Trainee: 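Here it is: the structure, laid out below.
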Amino acid sequence: MAKAVFSSPPKNELRVIRCRPITATVTKESLTLRLLMSRLAQCFRLMVGVQDYQTYLRHMQLHHPLNKPMTEKEFHRYCLEARFPSTAGKVGKCPC
């Protein structure tokens with residue numbers, strides 16, 4: 001059985017004890033508030049049926065990188081058609 005040998009680093013080498021970002025201007029409180037406000041806005045948009053295009057783009061980039069994403073106009077038209085279908089025979093939600 002081999003013994004493990006631990007040696008201390010040479011005196012002229014620098015050791016990193018703790019990393020801190022150079023620009024630490026964003027506080028945890030402001031980041032939490034910003035996240036809360038963006039999630040609240042997204043919630044209200046989804047309540048009235050407006051889909052988030054940026055979330056769609058992020059999803060396409062992560063899960064379908066080879067496919068070309070729809071333009072913003074195409075995306076909103078697709079979402080409206082999915083919610084209120086205009087073709088006969090498709091059952092959708094009532095726009096009332």
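Here the structure is a predicted model, which means the values were calculated and not measured.
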Trainee: Run through the side-chain heavy atoms of Ile, Leu, Val, Met, Phe, Trp and Tyr, join any pair under 4.5 Å, and report what else lands in M47's cluster.
Mentor: L40, F44
Trainee: Under the side-chain contact (heavy atoms from CB on, under 4.5 Å) test, which residues partner M37, sequence neighbours left out?
Mentor: L33
Trainee: Less than 3.5 Å apart, which donor and acceptor atoms pair up between the side chains of residues 60-71 and the rest of the protein, not counting sequence neighbours?
Mentor:
unit_1	atom_1	unit_2	atom_2	d
H64	NE2	H59	NE2	3.3
T71	OG1	E74	N	3.2
T71	OG1	E74	OE1	3.4

Trainee: Can L80 be reached from Y78 by stepping across I, L, V, M, F, W or Y side chains whose heavy atoms are under 4.5 Å apart?
Mentor: no
Trainee: Only counting residues at least two apart or in another chain, list the ones meeting side-chain contact (heavy atoms from CB on, under 4.5 Å) with R77.
Mentor: K73
Trainee: Please state whether the rings of Y53 and H76 are parallel, tilted or perpendicular, taking 30° and 60° as the class boundaries.
Mentor: tilted
Trainee: Go through the structure and list residues passing side-chain contact (heavy atoms from CB on, under 4.5 Å) with T55, not counting sequence neighbours.
Mentor: Q42, D52, R58
